[in-house]
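Report on the following structure.
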Amino acid sequence: KRLKWHQFKEDILKYDATKKISRLKMPVLLIVGENDTIHKKDQEMLYGLLPGKKELHTIKGAEHTFRKEQEFKQIRKIFKAWITKVEKNI
């Protein structure tokens, strides 16, 4: 069953993922746009709560939704470097 957007928003407000974030065992990569007015502060807060291996990268000049080829290039570079780091620690 697919939730409609308003149902999703209502549902997500019922849960507080930050209560269980300390249980995460896997490495976490967060990528956010520099000009993201929607989730940038949330990503920064989550980064502070995450245990273990983690990285937070900010894509310079990007909004909430990545659309420009230069942004995708930066993301690919970050992601490839992250995968390499994670694979070395397995």
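Computed from a predicted structure; not experimentally measured.
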State, with a plain yes or no, whether a side-chain heavy atom of Lys88 is found less than 4.5 Å away from one of Lys85.
-> no

Decide yes or no for Asp36 and Ile59: does some side-chain heavy atom of the first lie under 4.5 Å from some side-chain heavy atom of the second?
-> no

Going by the side chain to side chain contact (heavy atoms under 4.5 Å, CB included) test, name the single residue among Ile31, Leu30, Leu29 that passes it with Leu56.
-> Leu30

Consider only side-chain heavy atoms of I, L, V, M, F, W and Y, link residues closer than 4.5 Å, and tell whether Leu50 and Met26 are in one cluster.
-> yes

Hey, quick one: are Val28 and Ile78 part of the same hydrophobic cluster, counting side-chain heavy atoms closer than 4.5 Å, chains of contacts allowed?
-> no

Output the distance between atom OG1 (Thr58) and atom CG (Asn35), rounded to the nearest 0.5 Å.
-> 10.0 Å

Check against salt bridge (charged side-chain N to carboxylate O under 4.0 Å, His left out), Arg76 and Glu69 = CA-CA 10 Å; Arg76 281 191 291 272; Glu69 183 56 35; 2.6 Å; yes

Sequence-distant partners of Arg23, side-chain contact (heavy atoms from CB on, under 4.5 Å), two or more places apart | Lys20

Test side-chain contact (heavy atoms from CB on, under 4.5 Å) applied to Lys60 - qualifying residues, sequence neighbours left out | Glu34

Heavy-atom closest pair (Phe66 atom, Phe72 atom, distance to 0.1 Å) is O-CZ, 3.3 Å

Can you tell me how far the NE2 atom of His39 sits from the CG atom of Leu46, to the nearest 0.5 Å?
-> 10.5 Å

Got Met45 and Thr18 here, is their nearest side-chain heavy-atom distance under 4.5 Å?
-> yes

How would you list, by chain and number, every residue that makes a side-chain contact (heavy atoms from CB on, under 4.5 Å) with Pro27, sequence neighbours excluded?
-> Lys53, Trp82, Val86

CG-CG distance between Leu24 and Leu49, expressed to the nearest 0.5 angstrom = 10.5 Å

Closest approach of Pro51 to Ser22 (non-hydrogen atoms, all atoms of both residues) = CG-O, 3.5 Å

